[in-house]
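Take a look at the structure set out below.
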Amino acid sequence: ALFLGYRMMRGKHKPSLSALDVMETANTDSSVNLDNLKLLELIGRGRYGAVFRGDLSGRCVAVKLFSATNRQNFTNECLIYSLPLLEHDNIARFLTADHRSTEPLIVMENYPHGSLCQYLSLHTVDWWTCLRMCLGVTRGLSFLHTELCRADQYKPAVAHRDVTSRNILVRSDLTCVLADFGLSMKLPGTRSSRHGDDDTMAISEVGTVRYMAPEVLGGALNLRDCESALKQVDVYALALIYWESFRRCRDLFPGESVPEFQLAFQVEVGNHPSFEEMQILVLREKHRPKFPEVWKENSSLLHSLKETMEDCWDQDAEARLSAQCAEERLCDLLTAHTHNHRNLSHGRWSPQVGSSSP
Ligand code: ADP
Ligand code: MG
Ligand code: MG
């Protein structure tokens with residue numbers, strides 16, 4: 001068999017496999033037999049693939065089909081999923097891949113609620129759920145950005161490069177995972193002895209225009225410290241995810257109806273913004289999503305939440321929080337919530353209640 005078996009993925013890899021090695025790895029006693037794969041229903045479409053709910057020997061899975069012209073995207077996504085030590089609670093779970101057919105495919109765990117964008121379009125969330133969702137995404141990103149060494153295994157730091165609410169998936173318990181590593185990039189890190197990566201992609205100007213950081217829009221990505229620069233670009237987009245999510249949080253709109261879901265900048269640039277429109281808005285005018293009127297409330301939780309978003313989408317890339325730091329900020333908010341919750345003996349908890357001005 002030429003496909004990459006599931007067992008194979010669970011950690012027997014040498015650290016420096018190239019995408020081609022991965023593709024050509026024979027793994028005859030794989031526990032996954034793709035002959036038993038059935039595609040059942042189209043559940044999503046992205047820029048590069050169509051995603052189906054499928055059945056693999058009785059197990060419900062998601063199958064991402066890439067068109068033949070997107071083989072590079074497929075190869076890159078497989079390469080990232082095949083990195084050692086990549087398994088994490090907040091990273092989408094890869095099962096297997098098949099590159100033999102004209103349409104290469106990736107089989108992964110099925111996330112029944114689909115993308116975060118789909119979920120938030122249909123549902124509002126309470127403060128605790130919203131915080132947990134955002135914290136999960138942040139943990140996933142922070143883990144992705146981290147270089148790890150364990151025994152003889154090495155996980156390089158990875159930049160995602162296409163953080164959007166369509167590339168985050170939602171489990172049935174409403175926890176979130178980071179997905180779609182088609183544009184992701186291994187970062188040089190401290191073990192940068194490797195060279196001749198055959199699938200190096202253009203460093204700048206990739207991703208989804210709506211979520212592009214000002215320095216990407218300006219073509220001024222700091223390539224001297226490419227590692228931090230690419231992480232900072234991810235964190236900018238993460239801030240937009242926070243904004244999209246908390247705008248659907250019931251507890252942040254006490255006594256009024258929660259506004260409909262909106263993608264970041266949807267009001268400003270609509271559904272199909274051009275690169276130039278985003279340049280004007282985000283780079284030149286330094287515009288950021290507006291906080292709803294009710295968030296002017298002087299609660300310390302709301303204040304820290306807004307501050308965290310602002311610190312993540314800062315115009316100055318180097319001033320942005322790291323994903324690790326954003327994770328700590330959200331953890332503090334979660335602790336504050338638990339604390340408030342315990343101390344409130346009456347009524348439904350909401351972030352406006354029981355908190356003092358900063
Ligand atoms: P692309 O690289 O083409 O953007 P994605 O991996 O982002 O493809 O998937 C496209 C869409 O398909 C996602 O936005 C999501 O709605 C849906 N999707 C992808 N993977 C899954 C999955 N494992 N479970 C459920 N839905 C998924
Ligand atoms: Mg996608
Ligand atoms: Mg993709």
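Counting begins at 1 with the first residue of the sequence. All values below come from the heavy atoms of this structure, side chains included, with hydrogens, waters and symmetry mates left out. One-based numbering, in listed order, for ligands and for the atoms of each.
- Few gaps surround CD on Glu307; more than 12 heavy atoms of other groups in view lie less than 6.0 Å from it.
- The proximity of Glu109 to ligand 1, defined as any non-hydrogen pair under 4.0 Å, is limited to the backbone.
- Close approach to Ile43 involves these atoms of ligand 1, each under 4.0 Å from a residue heavy atom: 25 (C), 26 (N).
- Applying the 4.0 Å criterion to heavy atoms of Leu169 picks out, from ligand 1, the atoms 15 (C), 18 (N), 20 (N), 21 (C), 22 (C), 23 (N), 27 (C).
- In this structure, the separation between CZ on Phe265 and CZ on Arg288 is 6.0 Å, given to the nearest 0.5 Å.
- A cation-pi arrangement is present between Lys155 and Phe143 under the rule of less than 6.0 angstrom and at most 45 degrees off the ring axis.
- Distances below 4.0 Å separate heavy atoms of Asn167 from the following atoms of ligand 1: 7 (O).
- The residues Arg166 and Asp180 are annotated as not salt-bridged, no charged nitrogen and carboxylate oxygen being separated by less than 4.0 angstrom.
- Atoms of ligand 1 lying under 4.0 Å from at least one heavy atom of Gly46, given by number and element, are 1 (P), 3 (O), 4 (O), 10 (C).
- Considering only non-hydrogen protein atoms, atom 25 (C) of ligand 1 sits nearest to Tyr111 O, 3.2 Å.
- When heavy-atom distances to ligand 1 are checked against a 4.0 Å cut-off, Met108 comes that close only through its side chain, counted from C-beta outward.
- In this structure, atom 17 (C) of ligand 1 lies nearest to the protein heavy atom Gly44 CA, 3.9 Å.
- The residues Glu293 and Lys296 are annotated as salt-bridged, a charged nitrogen and a carboxylate oxygen being separated by less than 4.0 angstrom.
- Ligand 1 places these atoms under 4.0 Å from at least one heavy atom of Ala62: 22 (C), 23 (N), 24 (N).
- Between Gly49 and ligand 1, a contact under 3.5 Å exists for at least one N or O pair.
- Near Asn110, with a cut-off below 4.0 Å to any heavy atom, the atoms of ligand 1 are 24 (N), 25 (C).
- Counting heavy atoms closer than 4.0 Å to ligand 1, residue Gln118 contributes side-chain atoms (C-beta onward) but none from N, CA, C or O.
- Between the side chains of Ser165 and Tyr211, at least one donor N or O lies within less than 3.5 Å of an accepting N or O.
- Residue Asp180: an N/O/S atom is found under 2.8 Å from the Mg ion (ligand 3).
- When distances to the Mg ion (ligand 2) are checked against a cut-off of 2.8 Å, Asn167 contributes an N, O or S atom below that limit.
- Of all atoms in ligand 1, numbered sequentially from 1 with element shown, those under 4.0 Å from a heavy atom of Lys64 are 1 (P), 2 (O), 5 (P), 6 (O), 8 (O).
- Follow the hydrophobic side-chain contacts under 4.5 Å out from Leu302 and you reach Leu131 in the same cluster.
- Using a 30° and 60° split on the angle between ring planes, Phe74 and Phe66 fall in the perpendicular class, above 60°.
- Residue Arg166 places at least one N or O, backbone or side chain, under 3.5 Å from an N or O of ligand 1.
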*asked:* Between Trp313 and Trp243, is the side chain to side chain contact (heavy atoms under 4.5 Å, CB included) condition met? List the steps.
replied: CA-CA 10 Å; Trp313 68 37; Trp243 181 87; 4.0 Å; yes
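- No side-chain heavy atom of Asn167 sits under 4.5 Å from any side-chain heavy atom of Leu178.
- Side chains of Tyr236 and Glu215: no donor on one and acceptor on the other come within 3.5 Å.
- The protein heavy-atom contact nearest to atom 1 (P) of ligand 1 is Asp180 OD2, 3.3 Å.
- Nearest to atom 9 (O) of ligand 1 by heavy-atom distance, out of Leu95, Asn73, Val51, is Val51.
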